[in-house]
Student: 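What follows is a single structure, and I will ask about it in a moment.
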Amino acid sequence: DVKVTQSSRYLVKRTGEKVFLECVQDMDHENMFWYRQDPGLGLRLIYFSYDVKMKEKGDIPEGYSVSREKKERFSLILESASTNQTSMYLCASSTSGTGGYEQYFGPGTRLTVT
Amino acid sequence: DQQVKQNSPSLSVQEGRISILNCDYTNSMFDYFLWYKKYPAEGPTFLISISSIKDKNEDGRFTVFLNKSAKHLSLHIVPSQPGDSAVYFCAASAWGASKLTFGTGTRLQVTL
């Protein structure tokens, strides 16, 4: 079974703090993704990575950065947390090649910025 | 611009009846479609998928139908069970593409 783990289930941070969210997958997947989920807005892609040290912006990258130094690990960084970044953050991974591929999700991190 | 739309935010169905969740898309490049189920405080789990070469795919109680000309897909759950109560997301991608575009979700409540 694919396993995607996230470093924290719940996190509370103050405005202006630097926040690190970590994600690890154990299936040797090439692709990794960070989403945020907000009520009525569905899942919105923040960043994704298709290889080590490679990254691409998603639909809402502002205020975020990412790091992928090892294939199994993908980190999301909030440089200076703001209250509008309070959300559920979801990490996912998938294989790549030709065809259609499902993404496998971690359990999520509920981040509250006060 | 919402390329994948789930126009019903919520749906309530009696146990044992059929649940039908709908999804529309606008991007003609999409040819692979997926449904995910999400419980509160958990990550989404993959449910079923369909490629554009098919118009139907079944997996147990779950069937997905694709109408390419109408750019519409639907998920049928028969019979519905209380454990099916969750938020369901529709997603789409171009074939071979890594990115998925998600809809806004439909909350299904299966009542006794």
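Lettering of chains follows the sequences in order, A, B, ..., and the numbering in each one begins at 1. Only this structure's heavy atoms are used, side chains among them; waters, hydrogens and symmetry mates stay out.
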Student: Which heavy atom of A:Leu41 sits nearest to which heavy atom of B:Thr104, and what is that distance?
Tutor: C-CG2, 4.0 Å
Student: With clusters defined by side-chain heavy atoms of hydrophobic residues (ILVMFWY) lying less than 4.5 Å apart, directly or transitively, does B:Val64 cluster with B:Val4?
Tutor: yes
Student: Determine the option with the most heavy-atom pairs under 4.5 angstrom with chain B, choosing from A:Leu43, A:Leu90, A:Leu45.
Tutor: A:Leu43
Student: Establish whether B:Phe62 and B:Phe33 are linked, either directly or via other cluster members, by ILVMFWY side-chain heavy-atom contacts under 4.5 Å.
Tutor: yes
Student: Could you look at A:Gln37 and say if it's the side chain, the backbone, both or neither that has a heavy atom under 4.5 Å from chain B?
Tutor: side chain
Student: Taking the side chain as everything from C-beta on, heavy atoms only, tell me whether A:Tyr50 gets closer than 4.5 Å to B:Lys99.
Tutor: no
Student: Do you know the tightest heavy-atom contact between B:Leu100 and A:Tyr101?
Tutor: CD2-O, 4.3 Å
Student: Does one hydrophobic cluster hold both B:Leu75 and B:Val87, with members joined at side-chain heavy-atom distances below 4.5 Å?
Tutor: no
Student: Determine whether more than 12 heavy atoms belonging to other residues, nucleotides or ligands lie under 6.0 Å from atom NZ of B:Lys5.
Tutor: no
Student: Answer yes or no: does atom CZ of B:Arg107 have more than 12 heavy-atom neighbours from other residues, nucleotides or ligands under 6.0 Å?
Tutor: no
Student: Where along residues 105-112 of chain A does a heavy atom come under 4.5 Å of chain B, listed by residue number?
Tutor: A:Phe105, A:Gly106, A:Pro107
Student: Tell me whether A:Met54 is reachable from A:Phe48 by hopping between hydrophobic residues (I, L, V, M, F, W, Y) whose side-chain heavy atoms are closer than 4.5 Å.
Tutor: yes
Student: Taking side chain as C-beta onward, heavy atoms only, is B:Ser98 less than 4.5 Å from A:Phe33?
Tutor: yes
Student: Can you pull out the residues in residues 34-60 of chain B with any heavy atom less than 4.5 Å from chain A?
Tutor: B:Leu34, B:Tyr36, B:Lys38, B:Ala41, B:Glu42, B:Gly43, B:Pro44, B:Phe46
Student: Of the backbone (N, CA, C, O) and the side chain (C-beta and beyond), which part of A:Arg9 lies under 4.5 Å from a heavy atom of chain B, both, or neither?
Tutor: side chain
Student: Would A:Met88 and A:Leu21 show up in the same hydrophobic cluster when neighbours are defined by side-chain heavy atoms closer than 4.5 Å?
Tutor: no
